[in-house]
Structure formats: structure tokens, C-alpha cells
Amino acid sequence: MGLIMGTAAAAVELLFTLLAGVAVLPVAAWPDGRRAVLRPVLAGARILAELERARLRMWLGLRVTPAYEDVRALRYVACRWALGVLGGVVMLTAAIGLAYGTFGLYGWLLLDGIRNPGSLVLGSLGGLFLVFLAVQGIFGVVGLEGQLARHFLGPRHQEELERRIAELSASRAAVVDAVTDERRRIERDLHDGVQQRLVALGMLLGRARRSQDAARRDGLLSQAHDESRRALDELREVAWRIYPTTLDEAGLRAALETVAERASVPVGVEYDLAEEPEQAVATVAYFVVCEAVTNAVKHAAPTRISVAVRAEERRMYVSVRDDGCGGANAAGSGLFGLARRVAALDGSLSVVSPPGGPTLVSAELPCG
């Protein structure tokens, strides 16, 4: 269907190319007139090129970026009609071959097939061979369609290099910012949590040393013991948030299950990876899940959280969904830091959180 529609489009493109040439040729030496004539010609070429992009995407599975100049669209239309005619010839050949290939089914009605069975067999075999060649031609024309569209409509090599350099520069800046934010968060956790616990522990021990009452001293030492235990728990939490040892020892699945066990609400984990991802990818996936679950528990008051991890076509997809009140801010410090961490691996993070919920945090990561 894609080639048949391309053949029909070729007739329109050939007519458009001829009319455009006839319109531009008389004013080729007159700059103002040439610009006036080229304006509608380029607009028409853009329309035809967009129709071709839609045909390639819908019927041939070929995706071409829309970021191209109108002049390149005109060049594409001026060249593509010949390829459309070639596709029509290939499809006509396939139809002829199919007709001859099935000749043995109805040829005996038209000819004296009983007396000439060899002619029927040879005709059918020749038709089937012609169908085989035409099918190969169909795939060849589809490949040429893709190459022609990418050549004229796709980004130039220089543009692609510049875009890649810009992406790498942004990713590098994002990594630096993410590391800085992580250091600030660790310092804040140590200052507001562990340090306060240790200060309270020191005060209790000091009061116990100065106390002359044995019963009061025992009570203060008991409080100091409890405070030391809470300080250790705080320190363990900070260390876990910096980097979980389970990720190295048992892998991503065990680390995610540990996050689910430590959460205060039920968390379901659906893990569908055939093999362990690379360490950098696993680390980012873990922090996406950990931060999303922590934010949901802290701000959304959910009753259940679902975590799904799967791989498809060399990409890993991580999603965290909760049934809380929604309204998550993707520009907030936590989610924004996650987005920069994901972007550092050439991935993408999306947050869908309408007021009233549910909230869906999704990350797409390359998995090598």
C-alpha cells in the first residue's frame, strides 16, 4: 500500500515539478520575481513533503524529522517522483508475476492444458520467480525511499554533530549540577539529622557525668543509649541514600525490593529484566524509584505505589505510579535533580501528576 500510494503521489509530484519549472524559468534572472514565484512553490513543496513523511511513517515505518528547509523539500519532491515511478513498475511486475504464477489454476480453461501440461508448469514457475524478484524489488525501493528522505529531509551531518555537541555540553553541566546538589543534600542530612542527634547525645552524657543522683544518672544514660541508637539509624539512612550497598551485592531487583520494604505504604515491584543492567544505569534507575517513592509517601499520602521496570529495544523503562493526591511539581528540587541525573545518561524523565492524582513518574534509559 505504501508503494502504491507513492506511485500515485509520484504523478502529482511530477506535475508539480514541471509546473514549478515552467513558473520559475521565465523569472530566473529577476531576483524579485524569482522570490515572488518561489514563495508559493516552496509552500507547495513543503505540503507534498509533509504528505510523504506521513506516508513513510504510516505505511513503511520510516520516520524523518520535520526540521528541514523548504528548499530541501523542493529538491526532495523533484527527485522522489522518479522513485515513485520505479515503485509502480515493481508493483506492476509483481502483479504480472502473480498472474503467471497462478496460471496453472485457470490456464486449462483458456488453453488446452491437458495436452500441454508443460506449458502450464513452466508459465507458473516463471511467474513465481518473477514474483520473487518483484518482492526483492519492493524491499529495495523501500530502502531507497528511506535513504532519499533522510538525504533531503533529514539533518545534515554537520547539524547532527552540532546537536550532539550541544546535548553533551548540557549533559555535562547537568552532571556537575547534580553532583553539587547531592553534596548539599548530604551536608543538610548530616547537619539537620546526625549532627543534632550527636549534640543531644553529648549533652545527655555531660548531664549524666555531672549528676550526683545515681537514679537520675541511670535515666540519663538510658536516654543517651536510645539517642545513640537513633543517631546510628540516622547515619545508616544517610549512607543508604548516598549509595545502597545492596545494589552492588545483590543487584537492582534486590535494591528495589529493599526500597519497597522500607516504605511506610504498600509498594508493588514488577521487575521484567532478563539480565542485570550496567552499573551506571542500575544506579540511576534505583535513585529514580527511591526518590519517587519517597516524594509520594511524604507529599501525596498514597495508599499504594506500583513500580515497574522493563526493557525493550535496548532501552530500559522505569515507572512509579501512586494513587495519592497528585500535584507533584516536576520543577521541584527532587524531581528536577532526577531529571538531570537521567539526562546525564542520554535518558529522559517525565512526570504526570494532575491535581487529585494519580501521579506517574517515568524514566527512559539506554541499557547498552
Side-chain angles (χ1 to χ4, degrees), residues 1-31 33-103 123-124 126-160 163:
M1 281 301 300
L3 292 186
I4 291 173
M5 294 179 65
T7 302
V12 178
E13 292 162 357
L14 175 59
L15 180 60
F16 175 83
T17 303
L18 294 175
L19 293 177
V22 171
V24 173
L25 186 61
V27 295
W30 181 29
R34 185 172 66 250
R35 283 193 294 269
V37 173
L38 279 177
R39 195 175 296 114
V41 169
L42 293 177
R46 164 72 70 166
I47 294 173
L48 291 176
E50 286 299 308
L51 292 176
E52 283 297 319
R53 284 186 60 250
R55 179 183 68 87
L56 293 176
R57 182 182 66 254
M58 183 180 302
W59 294 103
L60 303 183
L62 303 173
R63 297 185 179 275
V64 183
T65 174
Y68 55 86
E69 302 170 356
D70 291 345
V71 175
R72 298 179 68 189
L74 180 59
R75 294 171 182 169
Y76 171 70
V77 171
C79 295
R80 207 221 69 85
W81 67 265
L83 192 55
V85 172
L86 177 61
V89 171
V90 171
M91 294 304 299
L92 180 61
T93 303
I96 294 174
L98 187 62
Y100 274 100
T102 58
F103 190 68
S124 298
L128 292 176
F129 182 69
L130 193 60
V131 169
F132 170 77
L133 295 179
V135 169
Q136 299 303 312
I138 289 174
F139 286 106
V141 172
V142 171
L144 291 175
E145 289 268 19
Q147 293 181 22
L148 188 69
R150 283 188 289 268
H151 176 74
F152 284 103
L153 305 182
R156 295 188 178 95
H157 183 63
Q158 184 69 23
E159 295 173 350
E160 190 68 19
R163 183 188 64 81

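As the structure is a prediction and not an experimental result, all values here were calculated from the model.
- Within the model, atoms CZ of Phe16 and CG of Leu48 stand 5.5 Å from one another, a figure rounded to the nearest 0.5 Å.
- Under a 3.5 Å cut-off, the side chain of Arg80 and the backbone N or O of Ala49 do not form any donor-acceptor pair.
- Here the side chain of Thr7 pairs a donor or acceptor atom with the backbone of Gly84 at under 3.5 angstrom.
- Each of Leu148, Val71, Val64 was scored for a side-chain contact (heavy atoms from CB on, under 4.5 Å) with Tyr76, with one residue passing: Leu148.
- Within the model, atoms CG of Leu153 and CD of Glu50 stand 8.5 Å from one another, a figure rounded to the nearest 0.5 Å.
- Separation of atoms CE (Met91) and CD1 (Ile138) is listed at 4.5 Å; rounding is to 0.5 Å.
- Of the inter-residue distances, the one linking Arg150 atom CZ with Arg63 atom CZ reads 13.0 Å to the nearest 0.5 angstrom.
- Here the CG atom belonging to Leu133 is positioned 9.0 Å from the OG1 atom belonging to Thr93, to the nearest 0.5 angstrom.
- A distance-only check finds a donor-acceptor pair linking the side chain of Arg55 to the backbone of Gly2 [under 3.5 Å].
- Summarising the geometry of Val22 relative to Pro26, their closest heavy-atom pair is O-CD, 2.9 Å, with the distance given to 0.1 Å.
- Closest heavy-atom contact between Pro40 and Ala36: CD-O, 3.1 Å.
- Residues Val142 and Trp59 are not in side-chain contact: their nearest non-hydrogen atoms beyond the backbone lie 4.5 Å or more apart.
- Shown here for Leu98 and Val131, the closest heavy-atom pair between the two residues is N-CG2, 3.2 Å.
- We find the CE-CG distance between Met5 and Leu56 to be 10.5 Å, quoted to the nearest 0.5 Å.
- Looking at heavy atoms from C-beta onward, Leu128 lies out of side-chain contact with Phe132 at the 4.5 angstrom threshold.
- Between Val77 and Thr17, the shortest heavy-atom distance links the atoms O-OG1, 3.9 Å.
- Between Phe152 and Glu52, the closest side-chain pair of non-hydrogen atoms is not below 4.5 Å.
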